[in-house]
Amino acid sequence: MLTTQPYSGLMDSPFAQPAARLPRWLLAAVGAVAVSAIPLAALLAQGRGPASFTVAETGRGYGSLQAAVDAIGDREGTVIIASGNWNECAVQDAGVVHFRAAEPGKALLGGKACEGKAALVLRGRGASVEGLVFADLAVDDGNGAGIRLEQGPLRVSQSWFRDSQQGIMTTNGVDSELVVDKSTFTRLGTCENSAGCAHSIYAGDYGRVTVTRSRFEQGTGGHYLKSRAARIVVEECSFDDANGHGTNYLIDLPNGGSGAIRGNWFVQGRDKDNWSAMIAIGAEGARYTSDGLVIADNDARLVPNLARSPAFVADWTGDSLVFGDNTLGPNVRRFERR
């Protein structure tokens, strides 16, 4: 049996953020983090104590994450990942695989990218990720990610992506769905490599993208959330750029898209590669209509004592955006047509 080697990176709490910085909804979400109980047989798989990677449906433990995924094959199953810092990655080629931390925030996949892409490369019939930490992922082309999504729907919840080139990246040309909820993205992004800029989340032309109740912070380049999908929903998230370095837009919809950006909290910091707007729509040519895109109930401001005047929304499409009530801080202009 393969022997799993622990990853040497430091393990932190995925929710260790100053309380004064966090919206109330996020504090409540942190307090409610839980996963389903794991059968005792799974925890004591093969009679050798807690297994590193266990297929919950069979109770069998495996010495590598890839072996556990391969054991599920084209079926649907759940891989329980034990607490620890694992220098592991896996490619899912079939089936529906649910990746779940035995204890939320205490199972880390770090430092190893499969296929030169990500800790998890997903191209099966579907997947979910719950309670995991992804850290210290870098590859030669600058697109090292916690998750590379290439096919099928994916739901990510209660997970932390940190100190990597990208958090989540999808392929293009797939009509499917990415859903992210109650997750944190910290110190991600770069524009220093051959493949162009990397971002905290970079969704290609992937059908539908929904991001809710999540936190973006301390970006290190690129955009916090970039989506080329036809439909985008971003609700009750915080984009805290106060300690970002060399960052660009907080939300970038380069090819347009319908949906809603609602109930979010935006702070633009000082160290920007591009500070001209917080939300950009259609900057690379409108592939999808933005008619009816709702932008409402957001709070947007600059860090204190910052003398500049960015647009809250910059639009290149000329489509009919729907603005509701948004609270804008001093010097933040509501809208700019470009």
Practice problem: Let me see the working for E336 and W316 under side-chain contact (heavy atoms from CB on, under 4.5 Å), right down to the final yes or no. | Solution: CA-CA 9 Å; E336 182 177 293; W316 283 257; over 6 Å; no
Quiz item: What's the shortest heavy-atom distance between A119 and L109, and which atoms?
Solution: CB-CB, 4.2 Å
Exercise. Might you work through the side-chain contact (heavy atoms from CB on, under 4.5 Å) test for F99 and L120, ending with a clear yes or no?
Key: CA-CA 10 Å; F99 298 87; L120 294 179; 3.8 Å; yes
Quiz prompt | Pair R123 + E115, salt bridge at N-O below 4.0 Å | solution = yes
Practice problem: Treat each ILVMFWY residue as a node, draw an edge where side-chain heavy atoms are under 4.5 Å apart, and state whether V234 and L321 are in one component. | Solution: yes
Quiz item: Nearest heavy-atom pair of T186 and E217: which atoms, and what distance?
Solution: OG1-OE2, 2.6 Å
Practice problem: State, to 0.1 Å, how close A138 and Q165 come at their nearest heavy-atom pair, and which atoms those are. | Solution: CA-OE1, 3.2 Å
Quiz prompt | Sequence-distant partners of R270, salt bridge (Lys or Arg N to Asp or Glu O under 4.0 Å), two or more places apart | solution = none
Quiz item: Going by distance alone, is a donor N or O of one side chain under 3.5 Å from an acceptor N or O of the other, for E130 and S159?
Solution: no
Quiz item: Nearest 0.5 Å, what's the CG-CZ distance between L293 and F323?
Solution: 8.5 Å
Practice problem: Apply the test side-chain contact (heavy atoms from CB on, under 4.5 Å) to residues M169 and N143: give CA-CA distance (whole Å), side-chain angles for both, the deciding distance (0.1 Å), then the verdict. | Solution: CA-CA 8 Å; M169 182 181 183; N143 280 319; 4.0 Å; yes
Quiz item: For the atom pair CD (Q92) and CZ (R148), what is the distance rounded to the nearest 0.5 Å?
Solution: 15.0 Å
Exercise. Determine whether V129 and I201 fall in the same hydrophobic cluster, where Ile, Leu, Val, Met, Phe, Trp and Tyr are linked whenever their side-chain heavy atoms lie under 4.5 Å apart.
Key: yes
Quiz item: Looking at side-chain heavy atoms only, is the closest gap between V156 and F161 below 4.5 Å?
Solution: yes
Practice problem: Run the numbers on T78 and E57 for side chain to side chain donor-acceptor pair (under 3.5 Å), then give the verdict. | Solution: CA-CA 7 Å; T78 303; E57 289 75 14; 3.1 Å; yes
Self-check item: Partners passing side-chain hydrogen bond (donor to acceptor under 3.5 Å, both in side chains) against S276 (at least two apart in sequence or in another chain)
Solution: N274, R338
Quiz item: Which residue pairs pass the side-chain hydrogen bond (donor to acceptor under 3.5 Å, both in side chains) test when at least one of the two sits in residues 318-332, sequence neighbours left out?
Solution: N298-N326
Quiz item: Quick one: side-chain hydrogen bond (donor to acceptor under 3.5 Å, both in side chains) partners of Y224, sequence neighbours excluded?
Solution: D241
Quiz item: Which disulfide (SG to SG under 2.5 Å) pairs, counting each pair once, include a residue from residues 121-208, with sequence neighbours left out?
Solution: C191-C197
Practice problem: Taking all heavy atoms of S176 and all of P153, pick out the closest pair and write down the distance. | Solution: OG-N, 3.0 Å
Exercise. Compare every heavy atom of I80 with every heavy atom of A56, then report the nearest pair and how far apart it is.
Key: CB-CG1, 4.0 Å
Self-check item: Pair T247-K272, side-chain donor/acceptor within less than 3.5 Å
Solution: yes
Quiz item: Do T171 and Y206 have side-chain heavy atoms sitting under 4.5 Å apart?
Solution: yes
Quiz prompt | Path from L250 to F335 over hydrophobic side-chain contacts below 4.5 Å | solution = yes
Quiz prompt | Minimum side-chain heavy-atom gap V211-C237 below 4.5 Å | solution = yes
Practice problem: Tell me, please, which residues at least two apart from D175 pass side-chain hydrogen bond (donor to acceptor under 3.5 Å, both in side chains). | Solution: R208
Quiz prompt | Pairs involving residues 283-294, ordered by first then second residue, that meet side-chain hydrogen bond (donor to acceptor under 3.5 Å, both in side chains) (sequence neighbours left out) | solution = D205-R287, D205-Y288, K226-E284, R228-E284, T289-D291
Practice problem: Only pairs at least two apart or in different chains count here, so list each disulfide (SG to SG under 2.5 Å) that has a residue in residues 292-338. | Solution: none
Self-check item: Carboxylate-amine/guanidinium proximity below 4.0 Å for E236 and R213
Solution: no
Quiz prompt | Heavy-atom side-chain contact between V121 and E150 under 4.5 Å | solution = yes
Quiz item: Can you tell if the side chain of I295 reaches within under 4.5 Å of the side chain of V322, non-hydrogen atoms only?
Solution: no
Practice problem: Could you list all the salt bridge (Lys or Arg N to Asp or Glu O under 4.0 Å) pairs where at least one residue sits in residues 292-311, not counting sequence neighbours? | Solution: D299-R301
Exercise. Please answer: with hydrophobic residues joined when any side-chain heavy atoms are less than 4.5 Å apart, are V79 and L122 in the same cluster?
Key: yes
Quiz item: Any side-chain heavy-atom pair from F134 and I168 closer than 4.5 angstrom?
Solution: no
Exercise. Check S214 against V180 and note the closest heavy-atom contact, atom names and distance.
Key: OG-CG1, 3.9 Å
Quiz item: With side chains defined as the heavy atoms from C-beta onward, is the minimum distance between L188 and Q166 less than 4.5 Å?
Solution: no
Quiz item: Do W275 and I251 belong together in a cluster built from hydrophobic side chains that touch within less than 4.5 Å?
Solution: no
Quiz item: Out of Y249, W265, F216, F312, which residue meets the ring-ring contact (aromatic ring centres under 6.0 Å, His included) rule with F239?
Solution: F216
Quiz item: Would N248 and H223 count as having a side-chain donor-acceptor pair, cut-off 3.5 Å?
Solution: no
Practice problem: Report yes if the side chains of I147 and L154 come closer than 4.5 Å at any heavy-atom pair, otherwise no. | Solution: yes
Exercise. Quick one: do D136 and R162 satisfy side-chain contact (heavy atoms from CB on, under 4.5 Å)? Show the steps, please.
Key: CA-CA 7 Å; D136 303 308; R162 65 168 177 84; 4.1 Å; yes
Quiz prompt | Summary of disulfide (SG to SG under 2.5 Å) pairs that have at least one residue in residues 55-136, sequence neighbours excluded | solution = C89-C114
Exercise. Taking side-chain contact (heavy atoms from CB on, under 4.5 Å) as the test, write out the residues that go with A203, two or more places apart.
Key: T170, V209, S227
Practice problem: Could you tell me if the ring centre of W86 sits under 6.0 Å from that of F53? | Solution: yes
Quiz prompt | For S128, all residues meeting side-chain hydrogen bond (donor to acceptor under 3.5 Å, both in side chains), sequence neighbours excluded | solution = H98
